[in-house]
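In this text the structure is predicted, and so the values were computed from the model without any measurement. Below, read A as the first sequence line, B as the second, and so on, with proteins coming before strands; counting in each chain starts at 1.
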Amino acid sequence: DTGVSQDPRHKITKRGQNVTFRCDPISEHNRLYWYRQTLGQGPEFLTYFQNEAQLEKSRLLSDRFSAERPKGSFSTLEIQRTEQGDSAMYLCASSLKAGNTEAFFGQGTRLTVV
Amino acid sequence: RKEVEQDPGPFNVPEGATVAFNCTYSNSASQSFFWYRQDCRKEPKLLMSVYSSGNEDGRFTAQLNRASQYISLLIRDSKLSDSATYLCVVNIRPRSQGNLIFGKGTKLSVKP
């Protein structure tokens, strides 16, 4: 499968725990995006990378959130001290650099904080 | 004003109907525009890009009005399989060098 893959698909955690999600983009894609989506809403931008450089972070991304893409390939999104409000679908997407290019999404990681 | 705003929906239409969705964006520097489709509990997938001169793909027609900062999607002869949420997406550059901003989406239900 050469699409965007995310792991895990589902995560249930207790409030206050830390969680980490992984995204493997399509191999030749330079850009990698993280989004959060809750029921009835469109995906909300969190952050994106061009290669290993994190170019922008949303105001939604509090200091409990951190994302990395150390070698410009896979990326991780960590949430520390999870809160119930963090419960959502976390989507990763990748695209070729610049231009009017399609972003391909992974199937997402559904986080439930209890 | 939100960066990308869409008709709230839901749109409930019979098979064969024509339905139109609207979207406005706030940043006049926006460069690229897309419509994505998202099925229930699935990831978003590109439906079509939107070009300045307007473009058509089968039963789907997309229009862009830069002066009004407005994008539309027209679906003709709607099918049951068109039932989904349609997301308007804007690539805002050069400020953020390629950030994709999504609208909240408009839900379409096509009934027999």
Side-chain angles (χ1 to χ4, degrees), chain A residues 1 3-7 9-10 21 23-26 29-51 53-61 67 88-110 112, chain B residues 2-10 21 23-27 30-53 55 57 62 64 71 84-109:
Chain A
D1 187 350
V4 179
S5 63
Q6 292 188 245
D7 183 68
R9 293 287 307 281
H10 303 274
F21 309 142
C23 172
D24 287 89
I26 294 171
H29 285 185
N30 304 89
R31 295 200 167 177
L32 186 147
Y33 306 82
W34 283 101
Y35 289 85
R36 180 175 70 187
Q37 187 173 28
T38 53
L39 195 63
Q41 303 294 314
E44 296 175 294
F45 170 77
L46 293 178
T47 188
Y48 89 99
F49 295 84
Q50 183 161 302
N51 300 313
Q54 187 173 18
L55 295 187
E56 185 169 348
K57 293 168 60 173
S58 164
R59 290 184 296 276
L60 291 173
L61 216 65
M89 176 72 83
Y90 289 83
L91 292 163
C92 175
S94 70
S95 70
L96 289 169
K97 176 184 174 181
N100 196 17
T101 57
E102 177 180 1
F104 292 83
F105 281 81
Q107 292 180 300
T109 295
R110 181 167 296 283
T112 303
Chain B
K2 294 196 173 185
E3 289 180 292
V4 180
E5 292 199 75
Q6 295 186 238
D7 285 346
F21 303 142
C23 172
T24 57
Y25 59 96
S26 61
N27 192 326
S30 300
Q31 299 289 319
S32 304
F33 310 89
F34 310 88
W35 284 101
Y36 275 69
R37 170 189 169 131
Q38 187 171 27
D39 292 296
C40 188
R41 300 190 178 276
K42 299 286 189 181
E43 72 275 20
K45 293 184 178 179
L46 180 70
L47 177 66
M48 58 196 302
S49 300
V50 185
Y51 302 119
S52 296
S53 55
N55 49 298
D57 182 2
L64 169 64
I71 307 158
T85 296
Y86 290 84
L87 298 159
C88 176
V89 185
V90 175
N91 181 325
I92 298 175
R93 292 188 293 149
R95 175 179 64 86
S96 57
Q97 299 283 316
N99 188 356
L100 292 174
I101 303 295
F102 284 73
K104 287 189 174 183
T106 301
K107 186 173 181 179
L108 172 65
S109 292

What part of B:Gln6 gets closer than 4.5 Å to chain A, counting heavy atoms only: side chain, backbone, both or neither?
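For B:Gln6, neither part sits under 4.5 Å from chain A.
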Rounded at 0.5 Å granularity, tell me how far [atom1] in [X] sits from [atom2] in [Y].
{"X": "B:Asn91", "Y": "A:Ser95", "atom1": "CG", "atom2": "OG", "result": "8.5 Å"}
{"X": "A:Glu102", "Y": "B:Met48", "atom1": "CD", "atom2": "CE", "result": "12.5 Å"}
{"X": "B:Glu43", "Y": "A:Gln107", "atom1": "CD", "atom2": "CD", "result": "5.0 Å"}
{"X": "A:Gln37", "Y": "B:Leu87", "atom1": "CD", "atom2": "CG", "result": "7.0 Å"}

Between B:Phe102 and A:Phe105, is the ring centre distance below 6.0 Å?
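Centroid distance B:Phe102-A:Phe105: below 6.0 Å, so yes.
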Can you find a heavy atom in the side chain of B:Leu100 that is under 4.5 Å from one in the side chain of A:Tyr48?
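The answer is no, as the side chains (C-beta and beyond) never meet within the 4.5 Å cut-off.
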Compare all side-chain heavy atoms of B:Arg41 with those of A:Arg110 and state whether any distance is below 4.5 angstrom.
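Contact flag for B:Arg41/A:Arg110 side chains = yes.
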Please report the closest heavy-atom contact between B:Pro44 and A:Leu91, naming both atoms and the distance.
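Shortest heavy-atom contact: CD-CD1, 4.1 Å.
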Between chain A and each of B:Leu46, B:Val4, B:Val89, count heavy-atom pairs under 4.5 Å; write down the option with the most.
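Max contact count across the listed options: B:Leu46.
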